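No hydrogens, no waters, no symmetry mates; every other heavy atom, side chains included, goes into these values. Residue numbers start from 1 in every chain, and the chains themselves are labelled A, B, ... in the order their sequence lines are given, proteins ahead of strands. Since we're looking at a predicted model, the values are computed, not measured.
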2 protein chains.
Amino acid sequence: MKYTKKDRQQLLLETIEKNPFITDEQLASTFNVSVQTIRLDRMELSIPELRVRIKSVAAHNFGEEVKSLPLNEVIGEIIDIDLDKQAISILDITQDHVFARNGIARGHHLFAQANSLAVAVINDELALTRKSTITFVKPVKAGDRIIAKAVVLSKDTEKNSTLIEVTSKVENDTVFIGQFSMYRMTKS
Amino acid sequence: MKYTKKDRQQLLLETIEKNPFITDEQLASTFNVSVQTIRLDRMELSIPELRVRIKSVAAHNFGEEVKSLPLNEVIGEIIDIDLDKQAISILDITQDHVFARNGIARGHHLFAQANSLAVAVINDELALTRKSTITFVKPVKAGDRIIAKAVVLSKDTEKNSTLIEVTSKVENDTVFIGQFSMYRMTKS
DNA sequence: CACCATTTTAGCACTTGGTACTAATATCAG
DNA sequence: CTGATATTAGTACCAAGTGCTAAAATGGTG
């Protein structure tokens, strides 16, 4: 039982999205069509070939370097950073982040984004959170895109301490506010 | 001025470590040797070819992405619960929870465990965190087992508000203290 | 210096997972 | 039945290799 061209192409998209490591040959056999058909499909959908796909997956991790911290440890995607001054990150809330019951995001995701950003904005080998006061202003739902902005308020070089305020918004509505007192580890 | 075989191979290791996306041809020209020499070097050092290297970087990347998702459930294992009074949970800290740089657990994992527990202890349809003040008392390392205890301090039925204190310990050392002001969603 | 081992280079056939292109065949709709 | 669309087949070619053989170049030792 073969799919229509449209259905197949839709499935193809999803399949490759789910597993970018699949070859045309494997795709051909799972869809019971010839390799050439798969190639045509990929062209129409402008899906690159296996190696390019793999490379782009690999490059994602390698290409963008945030100086203060390896990217994979940061929750949310940092889109702007001015070390020791301010930083902005984006986190898209999906079904995975919310309570099944009411679709409201669990608090620790907002905290994780804000805390990650507070760590990242500090221009140092490594920073640890010492104290924090946070307020969940408004519930966040699945589908929302949280934009968190961290601002360095003050630095106390004596105490190796830095005060940061993170404000997270969804479409200009403030949903979260957190003050973070960070400890700087100024060693090499 | 050519390097000795040993020096070249050492540099080769570092170069590929730094940039796994480099071809043998490029390597050959940077070290002023033939492509074949590079191949021999790679064999002796058992460094895989470009495509395999890229693929492993990508696979690692892809795996991480999956790994970062299990945040949707309760963080930590609840081992004792007395609804509306107190609850205890355990979280084992692994390499995945810590900063690669110094092996110290990222703060949001401690917060997530405490926050999850605060939500769970409330005997209600669902609870949301409203405000929270937290203190990271002592760094937690990979291999540590965090035992978090949540105690309900007070209930204000008028305001649908509950105050909870969570104390997390590693072998009787307090590592984290958090006060959580929770909002109760009475029936929907 | 000569000799032998190590190191380096060269060349060829073959592999994967493709691209680019041409051409033939199926399938379906009006 | 005729066209258009969709599918399959086949060829030449590419990148970045592996595997293998063989010839040079280099280097240290007696």
Legend entry - Value in whole Å for how far the C1' atom of dA6(D) lies from CZ of Phe31(A): 16 Å
Legend entry - Rounded distance (Å) that lies between atom C1' of dA16(D) and atom CD1 of Ile54(B): 10 Å
Legend entry - Of all pairs that satisfy ring pair (Phe, Tyr, Trp, His ring centres under 6.0 Å), the ones with a partner from residues 138-177 of chain A, not counting sequence neighbours: Phe136(A)-Phe176(A)
Inset, instruction - Please work out which of the three classes, parallel, tilted or perpendicular, describes the rings of His97(A) and His109(A), given edges at 30° and 60°. - result: perpendicular
Legend entry - Short side-chain N/O contact to dT19(C) OP1/OP2 from Arg42(A), under 4.0 Å: yes
Inset, instruction - Return yes if a side-chain donor-acceptor contact under 3.5 Å exists between Ser161(B) and Asp156(B), otherwise no. - result: no
Legend entry - Atom pair distance, as rounded to whole Å: NZ in Lys55(B) and C1' in dG17(D): 14 Å
Legend entry - Whole-Å distance separating the CG atom of Leu40(B) from the P atom of dC20(D): 13 Å
Inset, instruction - Might you point out which heavy atoms bring Ala118(B) and Ile164(B) nearest each other, and give the distance in Å? - result: O-CD1, 3.5 Å
Inset, instruction - Could you identify which residues of residues 44-52 of chain B place a heavy atom less than 4.0 Å from some atom of DNA chain D, listed by residue number, or say none? - result: Glu49(B), Leu50(B), Arg51(B)
Inset, instruction - Would you indicate which nucleotide in dT9(C), dG17(D), dG18(C) comes nearest to any side-chain atom of Val33(B)? - result: dT9(C)
Inset, instruction - Please name all residues satisfying side chain to side chain contact (heavy atoms under 4.5 Å, CB included) with Gln179(A), sequence neighbours left out, ordered by chain then number. - result: Thr133(A), Glu165(A), Ile177(A)
Inset, instruction - Just call it for Arg53(A): base, sugar-phosphate, or nothing, with non-hydrogen atoms closer than 4.0 Å on any strand. - result: nothing
Legend entry - No-hydrogen, no-angle side-chain donor-acceptor test under 3.5 Å, Thr135(A) and Arg130(B): no
Legend entry - N or O in side chain of Thr37(A) less than 4.0 angstrom from dT8(D) OP1/OP2: yes
Inset, instruction - Specify the separation, in whole Å, of atom NZ of Lys5(A) and atom C1' of dA6(D). - result: 6 Å
Legend entry - Rounded distance (Å) that lies between atom C1' of dT9(C) and atom CG of Asn32(B): 14 Å
Inset, instruction - Please name all residues satisfying side chain to side chain contact (heavy atoms under 4.5 Å, CB included) with Arg8(A), sequence neighbours left out, ordered by chain then number. - result: Tyr3(A), Lys5(A), Phe31(A), Val33(A), Thr37(A), Asp41(A)
Legend entry - Gln36(B) CD to dT18(D) P, straight-line distance once rounded to whole Å: 11 Å
Polar atom pairs (N or O), protein with nucleotides 25-30 of chain C, under 3.5 Å:
none

Legend entry - Whole-Å gap separating C1' (dC21(C)) and CZ (Arg39(A)): 13 Å
Inset, instruction - Would you please confirm or rule out a distance under 4.0 Å between OP1 or OP2 of dT8(C) and any side-chain N or O of Ser34(B)? - result: no
Legend entry - Main-chain N/O of Leu11(A) paired with Glu14(A) side-chain donor or acceptor, under 3.5 Å: no
Inset, instruction - Provide the full list of side chain to side chain donor-acceptor pair (under 3.5 Å) pairs with a residue in residues 136-151 of chain A, sequence neighbours left out, each pair given once. - result: Asp92(A)-Arg145(A), Lys138(A)-Asp173(A)
Inset, instruction - Would you indicate which nucleotide in dT7(D), dT18(D), dT19(C) comes nearest to any side-chain atom of Met43(A)? - result: dT19(C)
